[in-house]
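Naming: A, B, ... by sequence-line order, numbering from 1 per chain.
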There are 2 protein chains.
Amino acid sequence: MPGMAPAASGIIADLKKVMEFSFRLMEGGIEQQRAIMTRHPLPDATPPPATVEAFRARLADLSGSLPRRLQQCADHLSAHLDSIAVSTVAEIAAGAGVPPSAVMRFCQILGFSGYSEMQRLFRNALSLGLPDYGTRLANLKSGPADRPAALVAEFVEAGRLSLEKLTQDLDETALNQAVDTLSRASVIHLAGYRRALPVAAYLAYVFEKMAIPAMLHAGIGGLDQRNAMRSGDALLAVTFAPYSSETLSLAAEARARGLPVVVLTDPPATPILRQADLVLTVAEVDFGAFRSLSATTALALSLAVAVATRRQG
Amino acid sequence: MPGMAPAASGIIADLKKVMEFSFRLMEGGIEQQRAIMTRHPLPDATPPPATVEAFRARLADLSGSLPRRLQQCADHLSAHLDSIAVSTVAEIAAGAGVPPSAVMRFCQILGFSGYSEMQRLFRNALSLGLPDYGTRLANLKSGPADRPAALVAEFVEAGRLSLEKLTQDLDETALNQAVDTLSRASVIHLAGYRRALPVAAYLAYVFEKMAIPAMLHAGIGGLDQRNAMRSGDALLAVTFAPYSSETLSLAAEARARGLPVVVLTDPPATPILRQADLVLTVAEVDFGAFRSLSATTALALSLAVAVATRRQG
DNA sequence: CCTGATTTGGAACAAATATTCCATTTTGAG
DNA sequence: CTCAAAATGGAATATTTGTTCCAAATCAGG
């Protein structure tokens, strides 16, 4: 019904349903009533849980008032919540000792349209919405790009994801060794060319504030200051793919002079591995072509503060 | 062959392959041999990695010696290792920017029979269970406070809070006006002294990448370039309390010349208000004396991308 | 023990997904 | 520049997986 207000048309539709329902009731026997009700459930159908927590709660709520097979589903699922994301219906069914159709019914009782929809909940929770990132980007491109606030939301989201990923992937051993290495250096040389300059510049600022000798190599004015690297110093190189040749060359030079080289980069760190004694990788979720550097900055700052603490102790 | 033991039937199948191979070899010329060999590789094909670690290693090993599309696969996969378990071939392919068949080929090069087999590796690893975000963060925080990993947890937390706050406090009107103003400028001048340099430097990088005329004023070498600001340009100043005198003076100069001045700063922005036409404030949660700049970077990037979009339209 | 309502299992079907294949393009050696 | 080998993209196909449906089994109340 084009042109009609959505609310009104919704009410009309509901009315029609109710009328149709009553009508059938009159001509059909009482036994048809239930069948009709299950085949045409009224709009009060339970909405599916939107979060894993809600799912848990709903499970606990239902438990106890279910027929045997469905109870088995509930039990098995609540015991293996985190494997839903990577299991097929058949696997879940086998695990619970029920046929696949029982699992399907169970999903629908919870309010999902089917197993796939339920699984989506867990997959999203697991990979934090990464899969459909491309889609969102496409949407944004096609949609109202003139709304800067939407962009902010995307970058915020990318930043949050990056930070979460950092807590997952953090190589604590490498971090500790990096702190060790850098805290023993007389001067810390910071390499940060192009895209890496912001991070390196911030490190330079922070080290200076904490009275730790540090020197920024950023190729300003095309100036090369590699001879400032002296035995006893260390190099902390920040670089991302595609790795700038300046950084690689500076790292090689440091290496040749016997300086320890710590690299802060993104995975895969392959090309830089050769020049590095220690590699800290940080995966930054990028939105479009640009990265918000949240995780990188967090890791870099942690490194700096840890080095400062170690030095004082 | 129903009724036959699986092992025996496997051997038969292998024998058949070998026989077929020899036969073709005999009737084909020497030049066909290679083609046949690559199409029907003998059983000595590389065994697939058995653990996620081995997978990582193999990826790093192969990287660099691969043709373009396969290299893209390798890069994307190593950056999104943990989403393999819940992604389809099509999603991975889209993420890497390659057609699905390239992903398939890549799986086979790694020694897997196909994508499914590779995915199984990750699904298994996943269902062995990893703790959720909250738990991991708690783990990182616990233990001696001087542990670098604990610092990471703190900075991650600070970053997250900042980002969250940004979505709440964002002044959409001001942002829109800022985009308006900057997209009309012939050259965007970026002021970023001291602590603000990282943000301004990143903005300069991003603008340059998007072919938007921008100039960074950071006082490098004590150089003052205020006369580069000409009518028709605009100034975007990034600064935090305590506001550097250079920034204030540059803003005043811009104002005197009739240039619109947009300021990106932290609240309260009182001292800077006088020099600014537009103020964007972003509250960065700091841990100790240092800020992770997550929210600021996110806002700055959004601004840049929005300006670029507006200019093209 | 009968009867109608509910639950159940599995077979049939539909949709999504992986995999293969081959015509075309690109690359690299001579 | 030429040619063969390698790489590539996409369409066709195979397989797996999800979903629906209904006949049979089970259950509860009289």
Side-chain angles (χ1 to χ4, degrees), chain A residues 28-41 48 62 65-74 77 83-123 131-132 135, chain B residues 28-41 48 62 65-74 76-77 83-123:
Chain A
I30 187 75
E31 62 195 42
Q32 277 192 15
Q33 178 184 349
R34 290 205 62 104
I36 292 172
M37 281 186 76
T38 53
R39 245 182 284 128
H40 302 272
L62 253 63
S65 65
L66 288 168
R68 196 167 58 94
R69 292 280 113 125
L70 297 182
Q71 185 64 52
Q72 280 177 262
C73 291
L77 283 186
S83 62
I84 296 178
V86 294
S87 301
T88 65
V89 177
E91 285 164 353
I92 297 283
V98 303
S101 49
V103 175
M104 289 302 301
R105 267 195 296 276
F106 187 75
C107 296
Q108 284 161 358
I109 283 174
L110 286 179
F112 298 101
S113 75
Y115 180 75
S116 299
E117 195 179 309
M118 183 174 100
Q119 193 177 45
R120 191 154 29 229
L121 171 66
F122 288 89
R123 291 198 166 173
D132 63 342
T135 317
Chain B
I30 185 75
E31 64 195 39
Q32 276 192 18
Q33 179 183 348
R34 290 199 57 101
I36 293 171
M37 282 184 76
T38 52
R39 249 183 279 126
H40 302 271
L62 252 64
S65 65
L66 287 169
R68 192 168 116 260
R69 289 282 112 119
L70 297 181
Q71 185 64 52
Q72 280 177 261
C73 292
H76 177 79
L77 284 185
S83 63
I84 297 179
V86 293
S87 299
T88 65
V89 176
E91 285 165 351
I92 297 282
V98 303
S101 49
V103 175
M104 290 303 301
R105 267 195 295 275
F106 187 75
C107 296
Q108 285 161 358
I109 283 174
L110 287 179
F112 298 102
S113 74
Y115 181 76
S116 300
E117 195 179 307
M118 183 174 101
Q119 193 177 47
R120 197 162 321 140
L121 171 66
F122 288 90
R123 291 199 164 173

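- For a distance-only test at 3.5 Å, the side chain of Ser116(A) fails to qualify as a donor-acceptor partner of the base of dG18(D).
- What separates CZ of Arg120(A) from C1' of dT17(C) is a distance of 15 Å, to the nearest Å.
- Listed here is the closest heavy atom pair of Cys73(B) and Ala96(B): CA-CB, 4.3 Å.
- Distance Tyr115(A) OH to dT20(D) P: 15 Å, rounded to the nearest Å.
- Only one option out of Leu110(A), Ile92(A), Val103(A), Val89(A) pairs with Met118(A) in a side-chain contact (heavy atoms from CB on, under 4.5 Å); it is Leu110(A).
- Across the protein-nucleic acid pair, Gln72(B) atom CD and dA7(D) atom P stand 15 Å apart, rounded to whole Å.
- Phosphate proximity of dT17(C) to Gln119(B): absent, as no side-chain N or O sits under 4.0 Å from OP1 or OP2.
- Whole-Å rounding puts the Leu110(B) CG to dT19(C) C1' distance at 16 Å.
- Gln108(B) places no side-chain N or O within donor-acceptor distance of the main-chain N or O of Arg105(B), the cut-off being under 3.5 Å.
- Taking atom CZ on Arg123(B) and atom P on dT16(D), their separation rounds to 14 Å, with Å as the unit.
- Among dC21(D), dT8(C), dT8(D), the nucleotide with an atom closest to any side-chain atom of Ser101(A) is dC21(D).
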Does Arg69(B) form a side-chain hydrogen bond (donor to acceptor under 3.5 Å, both in side chains) with Gln72(B)? I'd like the steps, not just the answer.
CA-CA 5 Å; Arg69(B) 289 282 112 119; Gln72(B) 280 177 261; 2.8 Å; yes
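- Shown here for Ala85(B) and Gln119(B), the closest heavy-atom pair between the two residues is O-NE2, 3.4 Å.
- Rounded to an integer number of Å, the gap from CZ of Arg68(B) to P of dG28(C) is 12 Å.
- An OP1 or OP2 oxygen of dA7(D) is reached within less than 4.0 angstrom by no side-chain nitrogen or oxygen of Arg105(B).
- Along DNA chain C, the nucleotide nearest Gln108(B) and the nucleotide nearest Arg69(A) are compared for position; the residue whose nucleotide lies closer to the 5' end is Arg69(A).
- Spacing between atom CD of Glu91(A) and atom P of dT16(D) amounts to 13 Å, rounded to whole angstrom units.
- Distances from the side chain of Met104(B) to the nucleotides dT20(C), dG18(D), dT8(C) place dT20(C) closest.
- Rounded to whole Å, the distance from CZ on Phe106(A) to C1' on dG18(D) is 17 Å.
- Candidate nucleotides dT7(C), dG18(D), dG9(C) were compared by shortest atom distance to the side chain of Pro99(A), and dG9(C) ranks first.
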